[in-house]
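So the structure is just underneath, and the comments pick up after that.
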Amino acid sequence: MSCRWGTELWDQFDNLEKHTHWGIEFVERYTKFVKERSEIEISYAKQIRNLSKKYQPKKNSREEDEYKYTSCRAFLMTLNELNDYAGQHEVIAENLTTHIICELTRYIQELKAERKSHFHDGRRAQQHIENSWKQLESSKRRFERDCKEADRAQQYFDKIDADINVTKADVEKARQQAQLKHQVAEDSKNEYLTYLQKFNKEQNEHYYSLIPHIFQKIQEMEEKRIEKVGESMKTYAEVNRKVLPIVSKCLDGMTNAAASIEPTMVSSLVVESFKSGFEPPGDVEVEDYSLSMRRTVSESSYLNSRGEGKPSRSNSRGKLWPFKRNKLMSLLASPRQPPPPPPTSPSPGAMPNGPQSPQQPKEPLSHRLNEFMTSKHKMQCLRSLTRGGSGPEDCSHLPPEQRRKKLQAKINDINKELQKEVDQRDALTKMKDVYVKNPHMGDPNSVDPRLEEIGQNIDNWSITVCRLYAVSPDGSYTEDHSTEHHLKSRSTDFDDDFDDEDPLPTIGTCKSLYPFEGQNEGTISMAEGELLYVIEEDKGDGWTRVRRNEDEEGYVPTSYIKVFFDTNAKGAMTYI
């Protein structure tokens with residue numbers, strides 16, 4: 001169906017002006033709608049991102065440890081997918097702004113200018129035809145007036161001419177006046193006819209040519225406006241549809257994250273995270289007070305933990321549970337069970353059957369520790385570490401299994417830092433060699449301060465690693481046998497340095513409750529009922545250092561002996 005505003009609406013100039021004004025307002029209103037939608041998308045995306053950021057795990061916090069569980073990792077994946085989902089809403093807002101808001105804003109300005117031009121031409125044509133009509137009306141009124149005056153002059157002449165009393169001169173004068181009026185009327189008639197003909201021509205051109213042309217342009221402008229709005233609405237839908245595949249992928253990622261949750265694996269990780277490595281407490285042995293041997297109860301001994309004078313079995317077992325004090329950890333293993341593995345340092349080296357730890361890098365650790373072991377003054381630092389108790393980073397408050405894992409993680413981090421320092425040292429050494437061979441490139445001595453600083457850093461890291469090895473519960477943090485070989489090759493010199501010092505004083509005595517064969521390095525064998533001197537009490541690792549004579553000393557399981565401390569003796573301090 002086709003129609004032409006120029007022929008159908010030739011007399012609706014004012015209504016067309018109102019309609020086109022409303023059309024521009026509609027485009028502006030739609031543009032405002034899209035703009036507000038874009039703002040909503042930006043605000044929504046911002047809120048989604050803030051929500052995702054709020055629940056992201058904080059660095060160096062307990063939440064990071066929680067994300068080893070599959071459910072927590074799935075939640076983290078959901079947060080990441082949610083962040084990408086928010087990004088798609090930002091894409092929607094950006095595309096709405098670029099492809100609709102900016103385009104419509106520019107088009108509205110062009111539309112207003114075009115409309116103004118068309119209606120300006122229409123008003124000018126309207127004004128011209130109105131002026132032509134006014135001229136026609138003026139000539140018509142003038143022609144009418146002249147005709148009336150000519151008629152009055154003719155009537156006056158006829159009256160004078162019929163009157164016999166009027167002179168001939170007056171009659172002639174009246175005749176001339178009538179002729180003049182008739183001539184004026186004739187001229188007015190000709191002028192009126194001219195204007196009439198001109199008006200009819202202009203009116204025909206106005207309503208059949210000029211106005212239809214202007215209205216046709218206005219019609220085309222309006223149709224283009226409507227088409228532009230339709231294209232914008234289509235673009236609006238396409239902008240939303242364009243992100244649907246990526247949004248669908250985000251939702252699929254959330255679904256896959258939920259599917260990756262494995263309850264059994266979480267249960268295994270809980271065991272791995274909290275397993276202490278202790279055995280459940282054994283049966284409480286009977287205390288035979290009929291024996292003639294006098295027993296002195298120590299405040300750190302097994303009897304003291306049970307409470308002398310309270311033979312009740314239920315009360316005694318209540319105090320055996322090892323969750324209050326680390327000194328009671330050694331009581332968790334039954335005396336009839338094999339003894340717990342001793343620590344590497346200052347107690348003997350790793351047991352062959354002890355738990356193995358993840359493999360460590362070979363080069364930085366073995367190389368630097370070998371250098372460390374050969375330095376006399378560094379051995380003094382290590383000796384002070386092993387005898388001076390444990391620091392806040394030794395994880396002594398944890399059970400052996402958890403302590404081993406924590407120390408292993410620290411050693412891994414230190415190895416990375418140590419490797420960085422070694423790489424920097426190697427690079428600077430090569431640079432110095434280049435300077436030595438090519439003095440014009442730089443001064444070799446300028447590298448020495450930095451090399452010395454890196455050397456000190458490497459020494460500090462080495463001391464820290466040795467300290468962690470010294471306080472380790474199982475004595476071995478690597479499956480790298482070459483590294484262990486390098487370390488053990490220096491153990492003789494390491495022990496020789498300790499031999500230079502005075503022997504530790506005795507802090508009490510002990511009596512073996514069970515026989516023990518000290519097959520591992522640093523342990524000492526004992527027979528049941530044998531009396532030994534205590535030179536260092538249990539530090540929470542299940543081993544007590546004892547001496548048989550000046551040449552024989554070593555570690556024995558704490559649960560295998562009964563300790564009698566000398567309250568006046570000043571021996572090695574114990575940190576629980």
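One-based numbering along the sequence shown.
For the residue pair R548 / Y533, no side-chain donor-acceptor distance below 3.5 Å is found, with atom types taken as modelled. Side-chain contact annotation: Q88 with D84, donor-acceptor N/O pair under 3.5 Å absent. T558 and T544 share a side-chain donor-acceptor pair at under 3.5 Å. Using modelled atom types and a 3.5 Å distance limit, the side chains of N80 and Q56 yield a donor-acceptor pair.
Residue D433 holds its CG atom at 11.0 Å from CG of L428, rounded to the nearest 0.5 Å. One distance of note links NZ of K53 with CD1 of I48; it measures 15.0 Å at 0.5 Å rounding. Taken to the nearest 0.5 Å, the OG atom of S260 stands 9.5 Å off from the CE atom of M265. Atom-to-atom distance recorded for E41:CD and N95:CG is 11.0 Å, nearest 0.5 angstrom. N460 CG to E421 CD: the interatomic distance, rounded to the nearest 0.5 Å, is 9.5 Å. I261 contributes atom CD1, which lies 12.0 Å from atom OG1 of T264 (distance to the nearest 0.5 angstrom).
Between E272 and K275 there is no salt bridge, since no side-chain nitrogen of the basic residue lies less than 4.0 Å from a carboxylate oxygen of the acidic one. The residues K249 and E81 are annotated as not salt-bridged, no charged nitrogen and carboxylate oxygen being separated by less than 4.0 angstrom. Of the charged side-chain nitrogens involved, none lies within less than 4.0 Å of a carboxylate oxygen, so that K511 and E530 do not count as a salt-bridged pair. Using a cut-off of 4.0 Å between Lys/Arg side-chain N and Asp/Glu carboxylate O, E536 and K539 are scored as salt-bridged.
Contact annotation: the side chain of L79 never approaches that of N83 to less than 4.5 Å [non-hydrogen atoms, C-beta and beyond]. When side chains are defined from C-beta on, V247 does not count as touching H89, because their heavy atoms never get closer than 4.5 Å. A 4.5 Å side-chain heavy-atom check between L76 and P57 finds at least one atom pair inside the cut-off. Under the 4.5 Å side-chain criterion, counting only non-hydrogen atoms from C-beta, F516 is in contact with M526. Under the 4.5 Å side-chain criterion, counting only non-hydrogen atoms from C-beta, R545 is not in contact with V534. M431 places none of its side-chain heavy atoms less than 4.5 Å from the side chain of D426. Taking 4.5 Å as the limit, some side-chain heavy atom of M254 sits within range of a side-chain heavy atom of L82. Between V546 and I524, some side-chain heavy-atom pair lies under the 4.5 Å cut-off.
Of all the heavy atoms in P444 and G442, the pair that sits closest is CD-O, 3.5 Å. A pairwise comparison of heavy atoms in F564 and C510 identifies CD1-CA, 4.2 Å as the closest pair. Across every non-hydrogen atom of A74 and A258, the tightest pair is CB-N, 4.4 Å. The two residues V243 and N240 have their closest heavy-atom pair at CG2-O, 3.2 Å. Taking both residues in full, the closest heavy atoms of T98 and E103 are given as O-CG, 4.0 Å, listed atom of the first, atom of the second, then distance. The two residues S446 and Y435 make their nearest non-hydrogen contact at OG-CE1, 4.4 Å.
Counting only distance, with no hydrogens or angles, the side chain of S267 and the backbone of P263 share a donor-acceptor pair below 3.5 Å. Between the side chain of T429 and the backbone N or O of R425, at least one donor-acceptor pair lies under 3.5 Å. A side-chain donor-acceptor contact under 3.5 Å links D443 to the backbone of N445. Here the side chain of T509 pairs no donor or acceptor atom with the backbone of L532 at under 3.5 angstrom. Between the side chain of S43 and the backbone N or O of E39, no donor-acceptor pair lies under 3.5 Å. Listed for the S462 side chain is a donor-acceptor partner under 3.5 Å among the backbone atoms of I458. T31 places no side-chain N or O within donor-acceptor distance of the main-chain N or O of T105, the cut-off being under 3.5 Å. Put simply, the side chain of R547 gets close to the backbone of L504: a donor and an acceptor are under 3.5 Å apart. For S38 (side chain) and A93 (main-chain N/O), a donor-acceptor pair under 3.5 Å exists by modelled atom type.
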* To do: Apply side-chain contact (heavy atoms from CB on, under 4.5 Å) to V556 and T523, showing your working.
  => CA-CA 6 Å; V556 296; T523 61; over 6 Å; no
* Is there a side-chain contact (heavy atoms from CB on, under 4.5 Å) between Y69 and L269 once you walk through the steps? -> CA-CA 7 Å; Y69 302 118; L269 289 174; 3.7 Å; yes
* Under the side-chain contact (heavy atoms from CB on, under 4.5 Å) criterion, do T97 and C102 qualify, and how do the steps go? -> CA-CA 6 Å; T97 302; C102 294; 4.2 Å; yes
* With side chain to side chain donor-acceptor pair (under 3.5 Å) as the test, would you mind laying out the steps for N549 and E552 before giving the verdict? => CA-CA 5 Å; N549 51 49; E552 292 185 80; 3.1 Å; yes
* Taking it one step at a time, do Q424 and R450 satisfy side-chain contact (heavy atoms from CB on, under 4.5 Å)? -> CA-CA 10 Å; Q424 292 184 19; R450 179 56 181 163; 2.7 Å; yes
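Counted within 6.0 Å of CD on E238, heavy atoms from surrounding residues, nucleotides or ligands total more than 12; the atom is thus considered enclosed.
Counting only residues at least two apart or in different chains, ring pair (Phe, Tyr, Trp, His ring centres under 6.0 Å) contacts with residues 239-258 are absent.
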